[in-house]
Amino acid sequence: MNDLSQTGLVRRAKHVRVRAKAAAVLAAATLGATSFAVGVASASTSSTPRARVASARVDHAKKFLACEVTDTGGINDRSFNASAYAGLKAAAAADPAISYRFLSSTSTSDYQPNIADFINEKCGIIITVGFDMADATQAAAKAHPNQRFAIVDYTYSPSLKNVLALHYDTNEDGFLGGYLAAAMSTTGKVGTFGGQDIPTVTIYMDGWVAGVRYYDKVNHKHVVALGWTPAAKRAPGSFAGNGLFTNDFTNQNLGKQDAETLMAQGADVIFPVAGSVGLGAAAAVKQAGAGHYMEWVDTDGCVSAPQYCSLFITSVTKGIVPSVETATLAAARGTFHGGNYIGDLANNGVSLSPFHDFASKIPASVKSALVSLRAGIIAGKISTDPDSYPAS
Amino acid sequence: MTSGGEAAAPRAPRAWTVPLRKLAQANVAVVTLLSVVSALVLGAVLIIATTPAVLHAIGHIGSHPGRALGLTGAAVGDAYWAMFSGAIFSPSALGHVVSTGHGWVALFTPLSETLVSATPLVLAGLGVAIGFSTGVFNIGAQGQLIAGALAALYVGFEVQLPIGIHVPLVLLAGAAGGAAAGFVPGFLKARTGAHEVITTIMFNYVMLNLLDYLLSVSPFQQPGQSNAISRTMPATARLPHLFGSGLRANLGLLVALAAVAGAAWFTRRSTLGFSFRVIGLNPAAGKTAGIDARRVTVLVLVISGALAGLAGTASLAGTDFFLSSGYGGNIGFDAITVALLGRNRPVGVLFAGLLFGALDVGGRNMQAVTGIPLDLASVIQALIVMFVATPVLVREIFRLRGGGGGSSLQLATGGWGG
């Protein structure tokens, strides 16, 4: 998995796909041949290598089949679809009896039939992805009580017996990331931006801003967090607010622009929560030169984007790959239990990555503060809600 | 390319092509059928070219010819068999029914799924086709579909009525929503001359973003949700199933069939439909004959939008029951290809929609069973349209004499010039 940002943020903006399709169809209407070329190109470049892996595995190991139905972002979304698939691959690598497949959805209408197809294929576990598929997954789970499911980035209440719902409290490690960013800032300003105003993105930004505010409160400092303002009077568990968003998870130029905007306002630590759009931010931070840093999101940036490792103070990660792998292995071994799984600091479902190049640059006092903060959050003594602290 | 038919003529016809040639001279459908066959053959080449095990075996065809041929046949055969059994009928399910007397639902699931998948394609395709045959290029079916679905959903959750009244009202609302979205570009064209290709395409983005906005605010957003997902259709607003609760085929199918019949009657028998056709064939003659071309433009886009709105409603109230970002996927654009393949005729659109629905459903099963990506089904769809659009190529491949079946895909092109 060498995808740049492989994980669980979000679906990428769909209108990009629609726009491409519109262009292809227009071309087909006039030429016909163009759409052929587009189709062939997409079939022979993007999708087939995966199919090879899948079908090659099916031949010799048929004991346990693990299946993923993607949402409309597709299997190569560099986000949670790709991460869940990486989880299946990891499970197959750990247990040769496991083979795996995926089925892509091109619209919400595909969810029910795709899940039904995999039930017919006698998949040992079916992984679905995102809140979009929550209803379809629940309906299929109730109709087929012996079929095991796992759904990424969702929780059911009440929980379901045969569905493991995987949810990640990324505001907890976001909080640590915000604290660290504030501690490393020399200009007294740090900035974040998101790919889209949706809870799986804003939960990161929210926790991050809370961390900055907490830093100010306990250290009597006035570091300002730009790019995210939590909404007043929110319902518990809501991550609503106003912020800076690219509304795109693929166009790196937008990330570059947003990072430049934040740095122009004085921010010297940037935290993009926008998948591969963050690479544009990294380019801008690199261009800005000494004294400008970043924090990466979802995965360890020094692994997924090693060319920018020297800029990354740390990464605020989310463990979709290991949790899908664990769920798959449990299903294969007969130890699967449904319910809700919450990935948090306590179970290492979310965590700050190693500091890599910054290991020697972060003051020991800050490192020890992070350790005790982590313990405090786990113990429930430190709130990750930014409303608990005054804004600078 | 135009001389292809003549160039082939002097050659001695091959014996096996004689019946085909006779058929082709009489039947448009044969060229379409041969286009499907050609597309499947090219699809087979793609399957072979993207399956390493098969390629490897072919590389050693000198030493193990049997193995190479066997693997090739198996790869292609498995894929197409999975497509067929997923979309039409599976003999193993029939066997199960014969031996146990149960499993009727499983037997008819593939067909039911094909019908479900075809329903919105047929409805939206009809809308696009009526536009094309009038020289109006409605590329905005996607936006009109979303507008229709939004209106239908609103009437669905906002009004409490018994099912017998609620369902027709939801369908009406869906048609009205789509019609409203079609009216705007139509009005702009009639009043200002703004080209409908541009305005309808742009309206798609307006609707996509409007949908995104509405999904995260009241009253559309699902209560208790902070995600962009809509409320669900209440039971009284859902289209009843036609063949029992196990099969998803629903009333939307009958709506689509009624729309096909209605469109056929409309274009062939009604006065308004006649004026549509005249404007499509020769706008100048139509104007001379006293047909109000601007009125026709607005009406065509309204009708076209209403059909696209019904397509969105059929999916929403028939199978999906909620809206989310990017609703409808590519249906609005696939509708354009369906209209082209159906040669803009209502019955043609029906069959084209069924074929595309079957390829969608079959492609899904193919990916589930063999792991060959769904994209192959899209490639085959595109190839079919390409072959249909170039009948000369098909005639040349199958050594057919040019005849009535070879007429090129007919597109009224008046609209492109404004």
Side-chain angles (χ1 to χ4, degrees), chain A residues 11 14-15 17-19 21-22 24-26 28-29 31-33 35-36 38-40 42-44 46-48 50-56 58-59 67 72 101-114 116-118 120-121 131-132 134-135 197-200 235 237-240, chain B residues 46 49-53 86 106 109 113 116-117 120 139 142 201 204-205 208-209 216 225-229 232 248 315 319-331 333-334 336-337 340 361 364-365 367-376 378-379 381-383 385-386 389-390 411:
Chain A
R11 287 158 306 140
K14 282 165 204 155
H15 58 267
R17 285 165 67 87
V18 174
R19 192 179 295 149
K21 182 78 179 188
V25 168
L26 264 181
L31 291 170
S35 113
F36 163 67
V38 169
V40 170
S42 78
S44 58
S46 63
S47 313
T48 42
R50 247 163 255 282
R52 274 173 214 156
V53 180
S55 50
V58 170
D59 292 338
C67 305
T72 50
R101 283 181 199 162
F102 76 94
L103 206 41
S104 10
S105 306
T106 51
S107 80
T108 43
S109 307
D110 290 342
Y111 298 153
Q112 294 174 44
N114 279 352
D117 266 10
F118 270 152
N120 283 338
E121 282 301 294
F131 62 85
D132 245 24
D135 284 358
D197 186 1
I198 51 175
T200 41
S238 158
F239 301 100
Chain B
L46 271 179
T50 55
T51 312
T109 296
E113 285 300 308
V116 164
S117 194
I139 316 294
Q142 191 69 33
I201 289 180
N204 287 334
Y205 298 115
L208 274 169
N209 288 300
S216 49
Q225 266 281 3
S226 47
N227 290 309
I229 193 164
T232 49
R248 298 202 306 157
S315 304
T319 52
D320 297 347
F321 311 129
F322 72 96
L323 300 180
S324 64
S325 181
Y327 186 75
N330 292 319
I331 289 173
F333 300 106
D334 287 345
I336 297 172
T337 11
L340 290 173
V361 174
R364 206 150 59 204
N365 196 53
Q367 190 180 3
V369 174
T370 65
I372 293 170
L374 201 55
D375 306 56
L376 182 72
S378 314
V379 172
Q381 289 175 342
L383 285 173
V385 175
M386 191 195 79
T390 51
L411 255 185

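Quick note: numbers below take in every heavy atom, side chains included, and nothing from hydrogens, waters or symmetry partners. Numbered from 1 within each chain, the chains take letters A, B, ... in sequence-line order. Quick caveat, the model's predicted, so the values are computed rather than measured.
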Side chain to side chain contact (heavy atoms under 4.5 Å, CB included) with F239(A): which residues, sequence neighbours excluded?
N171(A), T202(A), I203(A), D206(A)
Can you list the residues that meet the side chain to side chain contact (heavy atoms under 4.5 Å, CB included) rule with A116(A), with sequence neighbours excluded?
none
Heavy-atom distances under 4.5 Å only: say whether Q367(B) touches chain A with side chain, backbone, both or neither.
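For Q367(B), heavy atoms of backbone and side chain both lie under 4.5 Å from chain A.
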Counting only non-hydrogen atoms closer than 4.5 Å, does T232(B) touch chain A with its backbone (N, CA, C, O), its side chain (CB onward), both, or neither?
side chain
Where does D135(A) contact chain B at under 4.5 Å (heavy atoms): side chain, backbone, both or neither?
side chain
Given heavy-atom pairs under 4.5 angstrom as the criterion, report whether the side chain, backbone, both or neither of S238(A) touches chain B.
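For S238(A), no heavy atom lies under 4.5 Å from chain B.
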I need the residue from S107(A), S109(A), A235(A) with the largest number of non-hydrogen atom pairs under 4.5 Å to chain B.
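If we count pairs closer than 4.5 Å to chain B, S109(A) comes out on top.
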Are Y111(A) and T108(A) close enough that some pair of their side-chain heavy atoms sits under 4.5 Å apart?
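Y111(A) vs T108(A): side chains touch.
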Would a 4.5 Å heavy-atom cut-off, applied to side chains only, mark S324(B) and F131(A) as touching?
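No, too far: nothing below the 4.5 Å cut-off.
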Test item: N227(B) side-chain N/O and I198(A) main-chain N/O as donor-acceptor pair under 3.5 Å:
no
